[in-house]
Amino acid sequence: MPNRVGCARPAVANSEQIFFGEKRLRMGWIHRPSEPSSTGLVIVPPFGFEEVCAHRSLRAFADRAATAGLLAVRFDLDGTGDSAGDDVDPDRLAAWLASIDDACEVARGAGATHLVLVGVRLGATLAALAAAQRTDVAGLVAIALPAKPKALLRELFALQGQLGLAPAPAGVPDDGVRAADEVVGFAITSETRAQLSAIDLTAQPAPPAPHVLVIDRDDQKTGNDAWVAALRARGVAVEQTRLPGYLEMMFDPHVAKVPDAIIAAAIAFAARAPAPLAPQPARAMRTSAKGRFVGDGYDVDEELVQLDDAMVGVVTRPRIIDARVGRTLLLISSGATHRIGPNRMYVRLARRLAARGVVVARIDQSGIGDSATRRGQLDNTVYSDVALVDTRVAIAWAKRVLGGEVAVSGLCSGGFHALRAGLDGEPVAIAVPINTPVFHYEPGKALDFATTRATSEAQRYRRALTEGDSWKKLLRGDVDVRAAVNVARRRVRDTAQAFALELARKARLPLKHDFPSQLRDFAGRGTARFIFAEDDPGHAMLAEQGGSTLTELEARDRVSIVSISGADHTFTARWAQTLVLDAIERAVLR
């Protein structure tokens, strides 16, 4: 039986997950206060990687709003998160605005008589447009709003260019998205770009709401003064402030921080917003606990499930069960990214594999995404003391509830936990670790990332030796020679240690926590299918630490290694996403 660890609070305390929508299902959460509230807070997320980073903060926003006595609804826009569709679907602007309108009806159906819309970045722009079409919106909170999204688009595409991603290798099929449309793992098509570029909130004739709170970024000198002036000219009561927290909310998920000052100001504004003069009648909105998702090549059912008193996940099932497959895939949290996975790859993979007969569960480990933090633990901790317990709980739940063989996969820390479960003797038929950065863990001790960092730095120095600019920097004294020497010294030590362990293994000397021995033992029960970006440090470390055992197990097809040349750690480029999804599918179905 899996270990039981106390939970600080139920995973979905005071909240209810729903699917809603008439033609296209969206995933949403209703956060209810202890007493009925006439004010409904509708939280509109930003787009793409910013939404991934902000997920934790928006959940905290909804929780705190409910604690303050307000009803709150948060949701995934059409084609994003757990909702139906994809970035590349046509008419994104209309679909996003329809998503907000339907979410407003969810809030009305839950008892709210008037609404306050809260949006972040592009979500704030969309919220302003959607609010202007309704008469029951009492207020709007615009956080870091781009009044002219064309400027935001320039910023996003400039960031994409700065990533320096490798182009698709010759012969690699694309997924129908031009490289020019990619934005940090997601896509904004030329049609969507044209629709967004045409928006200018300063020229909108209808105000979004009678009361507006504009929260500008404190890390920028300029704010939304022009839009504020335009609103005031139309008779809107506007409050404008500059608060800290936005930038920290948009850090990578494992280091992102909840913007306390922004959330407090928004909730206080919503609490005092008066009811609109002419509220519109509520429209019935169909909601359900399960949803049917139909897309390009798939027709599947999805539902949110609770694995224990802490963890939740989304299960994707084929509508027609193929007994010949009989396999369940668990996708473990990648770092602190919630269950959609890096670049939303877990969603695409789940629906794709379910169409092939595999049941897929995308899991939020405790303290991440929508799972609760276990008692005595910190939230948003990637390598927590109970992470391996979480994985054991998920595997036991899958065997008990979903049945069949269990495959476990994940990227980065998720790959480590997937592999570790197999090495520790859990009933794992297939482990598919992706860009695993470490291979050994002792509970209660810190993971050794020094080897990972040294390997990564050594690879970087080797690449730099082939670049003329690097030699020029060395001659100018712009290279930290001491750091390079320390990396070289660490690599010599690690390589020598691996060689010594290999000799001891061949001499049949007893070794404690020996990774190759553990891998050999697992290979007697299941298979390990490693996937790496070619230059990821874990790739070199696996060969070094696995030694001759790895070569032997590869020859017996108990272990395989797929290397994807040109990909980065999270497979940001769309072509790389296509290749890694193909590799995972082959690993799970072989």
Side-chain angles (χ1 to χ4, degrees), residues 48-49 52 79 85-90 156-157 159-193 295-298 329 331 334 337 340-356 358 360 409-412 414-415 430 432-436 456 459-460 462-463 466-467 529-540 542-543 554 559-590:
F49 184 68
V52 176
D86 194 78
D87 304 345
V88 299
D89 291 344
L156 291 176
F157 284 106
L159 177 58
Q160 172 72 14
Q162 292 170 7
L163 294 177
L165 300 177
V172 174
D174 60 37
D175 62 352
V177 178
R178 301 183 310 152
D181 294 334
E182 295 189 32
V183 281
V184 196
F186 295 83
I188 298 179
T189 64
S190 55
E191 178 194 49
T192 305
R193 194 153 61 244
D296 184 15
Y298 63 81
L329 172 64
L331 292 171
S334 170
T337 299
I340 68 171
N343 315 309
R344 203 178 176 236
M345 285 194 299
Y346 283 8
V347 177
R348 294 166 60 196
L349 177 64
R351 293 170 185 174
R352 172 175 167 172
L353 280 177
R356 299 288 303 275
V358 179
V360 182
S409 182
L411 188 145
C412 192
I430 306 172
V432 189
I434 308 165
N435 280 344
T436 306
S456 179
Q459 291 174 327
R460 184 171 67 85
R462 280 197 296 270
R463 290 192 298 270
T466 64
E467 300 171 357
R529 308 299 182 187
F530 293 92
I531 301 173
F532 289 103
E534 185 178 53
D535 291 333
D536 206 77
H539 191 193
L542 176 63
E554 283 187 276
V559 169
S560 63
I561 304 172
V562 173
S563 174
I564 300 177
S565 177
D568 65 354
H569 183 67
T570 56
F571 302 92
T572 305
R574 297 280 293 209
W575 66 262
Q577 294 175 31
T578 298
L579 292 186
V580 75
L581 292 179
D582 288 345
I584 298 169
E585 181 173 325
R586 289 194 300 270
V588 173
L589 293 177
R590 66 188 294 172

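Atoms considered below: every heavy atom in the structure, side chains included; atoms not considered: hydrogens, waters and symmetry mates. This structure is a prediction, so every number in the text was calculated from the model and none was measured.
- Nearest heavy-atom pair, A587 versus I430, reported as atom, atom and distance to 0.1 Å: O-CD1, 3.7 Å.
- When all heavy atoms are compared, the tightest approach of Q160 to V184 is OE1-N, 2.6 Å.
- Scanning both residues, P433 and R529, for their nearest heavy atoms gives CD-O, 3.4 Å.
- Partner of D87 under the salt bridge (charged side-chain N to carboxylate O under 4.0 Å, His left out) criterion, chosen from R348, R574, R344: R574.
- With Q577 contributing its side chain and G185 its backbone, the two residues share a donor-acceptor pair below 3.5 Å.
- Remark: D568 pairs with T572 by the side chain to side chain donor-acceptor pair (under 3.5 Å) rule, at least two apart or across chains.
- Qualifying salt bridge (Lys or Arg N to Asp or Glu O under 4.0 Å) partners for R586, counting only residues two or more places apart in sequence or in other chains: none.
- In this structure D582 satisfies the salt bridge (Lys or Arg N to Asp or Glu O under 4.0 Å) test together with R352, sequence neighbours excluded.
- Side chain of W575 to backbone of A179: no donor-acceptor contact under 3.5 angstrom is found.
- Taking all atoms of both residues into account, the shortest heavy-atom contact from V52 to F186 is CG2-CZ, 4.0 Å.
- With respect to D181 and R193, a salt bridge is recorded, a charged nitrogen being found less than 4.0 Å from a carboxylate O.
- Among all heavy-atom pairs drawn from P342 and S334, the shortest one is CG-OG, 3.4 Å.
- The side-chain heavy atoms of I584 and I531, taken from C-beta on, include a pair separated by under 4.5 Å.
- Using a 4.5 Å heavy-atom threshold, the side chains of T578 and V172 count as separate.
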Subject >> Intermediate values then yes/no, side chain to side chain contact (heavy atoms under 4.5 Å, CB included), L349 and V360 >> reply: CA-CA 9 Å; L349 177 64; V360 182; 5.9 Å; no
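- Separating the CG atom in L542 from the CZ atom in F532 is a distance of 4.5 Å, to the nearest 0.5 Å.
- Contact annotation: the side chain of C412 never approaches that of N435 to less than 4.5 Å [non-hydrogen atoms, C-beta and beyond].
- At least one side-chain heavy atom of E585 sits less than 4.5 Å from a side-chain heavy atom of L589.
- A salt bridge does not link R351 with D86: every distance from a Lys NZ or Arg NE/NH1/NH2 to an Asp or Glu carboxylate oxygen is 4.0 Å or more.
- Here the straight-line distance linking atom CG of L329 with atom OH of Y346 works out to 9.0 Å at 0.5 Å rounding.
- I434 and F571 get closest at one heavy-atom pair: CG2-CE1, 3.6 Å.
- With rounding to the nearest 0.5 Å, the separation of CG in L581 from CE in M345 is 6.0 Å.
- Here CD1 of I340 is found 12.5 Å from CG of L331. Values are rounded to the nearest 0.5 Å.
- Of the inter-residue distances, the one linking D535 atom CG with S565 atom OG reads 7.0 Å to the nearest 0.5 angstrom.
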